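The structure presented is a predicted model; accordingly, all values stated were derived computationally and were not measured. Side chains included, hydrogens not; waters and symmetry mates left out as well; all remaining heavy atoms used.
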Amino acid sequence: MNVALLLDMIADGIGGRVAVGSRDDGLSYETLRSYAASAKTRVQERGATTVAVVEPNGPLVPVALFAAAWTGSSYAPLNYRLPDTAIEQLLARLEPAVTASTEQWIAPENKENGRVEYPQDPDRPAVVLYTSGTSSAPKGAVLGHQHLTSYVLTTTEFASAEEDEANLLAAPPFHVAGVVAVLTSTYAGRRIVPLPRFTPEAWIDIARREQVTHGFLVPTMLARIVDVMDHDPDARVPSMRRITYGGARMPRSMLERALALFPDVGFVNAYGLTETSSTVCLLGPDDHRNAFESSDPAIRRRLESAGRPLPGIELRIDAAGEVAAPGEPGEILVRGEQVSGDYLADTSKRNDAGWLHTGDLGFIDDDGYLFVVGRADDMIIRGGENLSPTEIEDVLLQHPGVGAAAVVGLPDAEWGERVAAMIVPARDAHDLSMDDLRAFARERLGSLKTPEILATCEELPTTATGKVLHRAVRADFEERAQL
């Protein structure tokens, strides 16, 4: 099934409803389809096999995505924040390619009415996304039509959105969450409200102005919104009904603050990878609500989990080649129709049995909830013990003077590695004492896991999609040691 069929179906059903943009002057589904159909000719004239987008969120994103599908080309949204030379290098790897632009592709004269035939090859590449590369150089992940449509049809009911529903698209277009948000919102009939560049103030402003009901945020985005709302009682979004978060691990203390500030909003934790066409595990609103209100520590702890697998997804924890017992940590493996794992260089992360090695470490509890404890590449080995940076970060974030934290391992001749923590002081923190913070951590973690080295910075280095770059934090520590 070609992803273009998703747009065809909704345009035939409720074509007059606004698809993307403002309630007053946004593009309808009929208009969106006509722009995408018109762009087909432009792609074919260039003989392109890839449609690239190097722009922030806007109506061009869905137009280019569906235009590529109609021509049998791959849609490749690139990080527009990269230097020109880096963008040129990526485009060269995608040749023959055409670069879409809002000015040329979205104009009244470009509309083409009627249906357009498109390839019916489910194995044809639909989307190429360059992974964010927190531990290594980015690679071009390839998602086929069958992967994306499998995810959409499993998670979304056709034309199920009420006419007043709107999804605030804050994830950048080159993030898998941005791609699937376009596809699922289109199939559901939910208006997309693009946010070109994220700031917490801009997110709150457009959400209030457009009466947004749904939105996806990476944890760093949600943390910044919560910080603004904590200091401004008027910064509320009464129309909001559901907030989905994912893309990185959410500290429990931050999630609890968000749940308190959005008491009437259903929260969803969506765990997945670019290579899995987005979400494979989900912690839904009822799980959040029950855990937040529970006095049972075991149930309350579910706020730290990624939930349970979606229908059609198989999940297992690999511990030294064996299936781990409940509660036993290991690498998370995933299998299912929506799982790709393929790359431009004809390589794959799947093994012969179809299992995708995620590189994430975690465990599954007795009730089937997945807990992600970190990346295998980021694990700290000290004195023969494996230490999870995320566990240490979560404890540091419980200190009122800490706004953000990143924990890494540094070489140590005696113990193998030392624990080092980079701290961003909280907005209201004054004269944060590193000795006090170390004592706070030791009381809760013990001496082995307590950071030996502590330093502060104004902002943690992150990828364009909001993930903390631990390798950059490690390099910062090493540079400071040489000064």
Side-chain angles (χ1 to χ4, degrees), residues 1-36 57-63 65-66 69 148-171 173 175-195 203-204 206-217 237-246 262 264-270 272 277-279 282-286 288-289 307 310-312 338:
M1 176 179 173
N2 191 303
V3 298
L5 181 59
L6 305 176
L7 176 57
D8 254 352
M9 291 173 65
I10 205 73
D12 285 346
I14 50 174
R17 183 181 291 188
V18 176
V20 56
S22 170
R23 291 169 295 170
D24 301 324
D25 58 2
L27 303 183
S28 69
Y29 288 107
E30 290 174 340
T31 303
L32 175 59
R33 178 166 63 178
S34 69
Y35 279 137
N57 282 322
L60 177 66
V61 169
V63 169
L65 171 56
F66 289 114
L148 293 165
T149 55
S150 173
Y151 173 77
V152 173
L153 298 179
T154 299
T155 60
T156 309
E157 184 179 347
F158 175 68
S160 57
E162 299 293 333
E163 193 164 2
D164 67 338
E165 291 186 16
N167 183 20
L168 181 47
L169 186 58
H175 191 293
V176 67
V179 173
V180 298
V182 170
L183 296 176
T184 55
S185 294
T186 297
Y187 192 62
R190 183 176 298 118
R191 177 168 61 99
I192 298 169
V193 180
L195 180 62
W203 189 92
I204 294 170
I206 196 171
R208 290 170 61 91
R209 187 172 68 251
E210 290 293 337
Q211 297 183 20
V212 165
T213 59
H214 293 63
F216 172 88
L217 295 162
V237 186
S239 61
M240 189 64 69
R241 301 174 194 169
R242 178 163 295 189
I243 291 177
T244 302
Y245 61 93
F262 291 94
D264 300 321
V265 172
F267 277 76
V268 175
N269 182 5
S277 309
S278 190
T279 310
L282 186 144
L283 189 74
D286 289 342
H288 279 83
R289 193 173 297 110
L310 293 177
Q338 70 183 67

Please name the pair of heavy atoms, one in [X] and one in [Y], separated by the smallest distance, quoted to 0.1 Å.
X: P59; Y: P62; answer: O-CD, 3.1 Å
X: L169; Y: A181; answer: CD1-CB, 3.7 Å
X: P173; Y: V61; answer: CB-CG2, 3.9 Å

Donor-acceptor pair, distance only, cut-off 3.5 Å: does the side chain of [X] make one with the backbone of [Y]?
X: N2; Y: A69; answer: yes
X: T213; Y: A166; answer: yes
X: T149; Y: V3; answer: no

Legend entry - side chain to side chain donor-acceptor pair (under 3.5 Å) pairs, two or more places apart, involving residues 15-30: S22-E210, S28-T31

Working to the nearest 0.5 angstrom, can you tell me the gap between [X] [atom1] and [Y] [atom2]?
X: L168; Y: I243; atom1: CG; atom2: CD1; value: 10.0 Å
X: L310; Y: T154; atom1: CG; atom2: OG1; value: 7.5 Å
X: L7; Y: D12; atom1: CG; atom2: CG; value: 9.0 Å
X: T186; Y: L32; atom1: OG1; atom2: CG; value: 6.5 Å
X: T156; Y: L183; atom1: OG1; atom2: CG; value: 9.0 Å
X: N167; Y: T184; atom1: CG; atom2: OG1; value: 7.0 Å

Inset, instruction - For the pair Q211 and D164, evaluate side chain to side chain contact (heavy atoms under 4.5 Å, CB included) and give the outcome as yes or no after the intermediate values. - result: CA-CA 8 Å; Q211 297 183 20; D164 67 338; over 6 Å; no

Inset, instruction - Show the numbers, then the answer: is there a side chain to side chain contact (heavy atoms under 4.5 Å, CB included) between T279 and T155? - result: CA-CA 9 Å; T279 310; T155 60; 6.0 Å; no

Inset, instruction - Using the ring pair (Phe, Tyr, Trp, His ring centres under 6.0 Å) rule, collect all pairs that involve residues 176-195, keeping only residues at least two apart or in two chains. - result: F158-Y187

Legend entry - Proximity of H288 and Y245 rings by center, below 6.0 Å: yes

Inset, instruction - Could you pull out all residues at least two apart from D286 that satisfy salt bridge (Lys or Arg N to Asp or Glu O under 4.0 Å)? - result: R289

Inset, instruction - Assign the ring pair H175 / F216 to parallel, tilted or perpendicular, where the plane angle (0 to 90°) is split at 30° and 60°. - result: tilted

